[in-house]
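Side-chain atoms are counted along with the backbone in the values below, which use heavy atoms only and exclude waters and symmetry mates.
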Amino acid sequence: MDQMTNTRFDAVTAAPHNHSTHAKVVGQDVNVFYGDKQALFDINLSIGERQVTALIGPSGCGKSTFLRCLNRMNDTIDICRVTGKIELDGGDIYDPSLDVVELRARVGMVFQKPNPFPKSIFENVAYGPRIHGLASGKAELEEIVERSLRKASLWEEVKDRLAESGTGLSGGQQQRLCIARAIAVSPEVILMDEPCSALDPIATAKIEELINELRENYTIIIVTHSMQQAARVSQRTAFFHLGVLVEEGPTDEIFTTPKDQRTMDYVTGRFG
Amino acid sequence: MHEHTLSAFDEQLDSIAADIAEMGRMARKLTGDAVDALTASDVAKAQAIIPADRPIDEMQQRIEQKAVLAIAKNQPMAIDLRVLVAAMRVANDLERIGDLAKNIAKRTIAIDEPLRSQKLMTGFGQLSKLVIAQIDEVLDAYRTRDGAKAAEVRAKDGEIDAIHTSVFRELLTYMLEDNRNIAMCTHLLFCAKNIERIGDHATNIAETLHYVLTGEMLEDDRPKADASSERE
């Protein structure tokens, strides 16, 4: 029971941020094609800084596709073509002169299935800062690793076995390790693609608690199939359907009084 | 509105809606019987009302249990959650209506003397007719989710309050005229108040329906015309 109370947010910490915050990521008329097939149609969405935005919608609606546009993960798919404009702090992320590796350091990602490197816990977190040259020496690197693991609420559980393999951890711990790995390179935005779908309810609650803490420092965009999860962790929610952004607004409104009938049908479980 | 992908949830919601409708009929009948017994000084009829309140209480508990279970099982969102919260509220209002009707019956028994004058009852006819019409209207609006009809019910509450105030004054006059009327008129004052409060519960149901349909809670600024508790 203690664990449950620890991992639950109280109403105060989960209170929505004011949306008058700076727009961190802005998508304008974004269209995405996989070969001939169009997956996203004229998406216009502005993501506020230091808050959690949930992308919801049925499978195949384009929410993950949109998420993957935000750090150009779609570049890895040959037949994928993106048009329109996506800006991070006003800078076009599809600018040909932009360094994609640097972009992905600014916009980190956590995947559905925890995917730690088959290396030690320490190395999993140290890898990013090392290749990006963020630490000037061993001591600083150790400091970054500890700080990242602490922020990911994993430090206490792994501090005595940093040399052990990351793949030996439980699923929930592995996912927090992946979050620590993302945090280690000091990103501004963290993308999460169904980060809890492979986790049990307790591990899920811990990740949700972590998301709630992380939004103080990071802009978080989460794709989730769990309506309850979107309602619990996010301040803004965007509903996608058939490649179209149907509705976006404060989470409290999307889940209580959505404006569009399609959103109402989806959040109440009436989608055919 | 479309059906849920999960048909079991629709069945649970339908079952609760059917219970609400049934409970509404029970509360409406009890109110009608209580008013009839009162105006006809029919003690036997009044006695039959008292045990008839029990099934209404049981129905309230049943609806509440079903609603809690449906919430726990389905984690409903938006209008579904409001429908379930509303079911509990409406069941509570109907249970109170049953209690108030029972209380009218108890007073009818307590009066225990022949009506000194039929004119003591004149105001009751109009008051109860209006209140029962309100119950019928609001239950119908609730069943068909008719927000406009619910708004009419809410608007009419002022009329009930106004008639209640006039009944109140009338009864005071009879007490002043002849102090042998005081015991009976005191009971009748309470009965009039109970009928007026039944009307309030009908208005609550109308407001709950508005909440179901819009997600918006109405402020407590419904038209008030009950001046019986105000100084002249």
**Q** Does B:K106, at its NZ atom, have more than 12 non-hydrogen atoms belonging to other residues, nucleotides or ligands within less than 6.0 Å?
**A** no
**Q** Can you find a heavy atom in the side chain of A:Q228 that is under 4.5 Å from one in the side chain of B:M77?
**A** yes
**Q** State whether the number of non-hydrogen atoms from other residues, nucleotides or ligands found under 6.0 Å of B:Y211 atom OH is greater than 12.
**A** yes
**Q** For B:I79, which atoms come within 4.5 Å of any heavy atom of chain A: side chain, backbone, both, or neither?
**A** both
**Q** Judged by atom type as modelled, is there a donor-acceptor pair below 3.5 Å linking the side chain of B:H4 to the main-chain atoms of A:T268?
**A** yes
**Q** Distance check, rounded to the nearest 0.5 Å: A:Q261 atom CD versus B:H2 atom NE2?
**A** 7.0 Å
**Q** Please flag which part of B:E3 lies under 4.5 Å from any non-hydrogen atom of chain A: side chain, backbone, both or neither.
**A** backbone
**Q** Tell me if the NZ atom of B:K45 is crowded by more than 12 foreign heavy atoms within 6.0 Å.
**A** yes
**Q** Could I get the full list of ring-ring contact (aromatic ring centres under 6.0 Å, His included) partners for A:H241, not counting sequence neighbours?
**A** A:F271
**Q** Out of curiosity, B:L213 CG to A:T257 OG1, how far, rounded to the nearest 0.5 Å?
**A** 13.0 Å
**Q** State the CZ-OG1 distance between B:R82 and A:T256, to the nearest 0.5 angstrom.
**A** 6.5 Å
**Q** Answer yes or no: are there more than 12 heavy-atom neighbours, outside B:R145 itself, under 6.0 Å from its atom CZ?
**A** no
**Q** If you count every heavy atom of other residues, nucleotides or ligands that lies below 6.0 Å from A:E213 atom CD, does the total exceed 12?
**A** yes
**Q** Could you go through the side chain to side chain contact (heavy atoms under 4.5 Å, CB included) check for A:R270 and B:L6 one step at a time?
**A** CA-CA 8 Å; A:R270 288 181 166 89; B:L6 217 60; over 6 Å; no
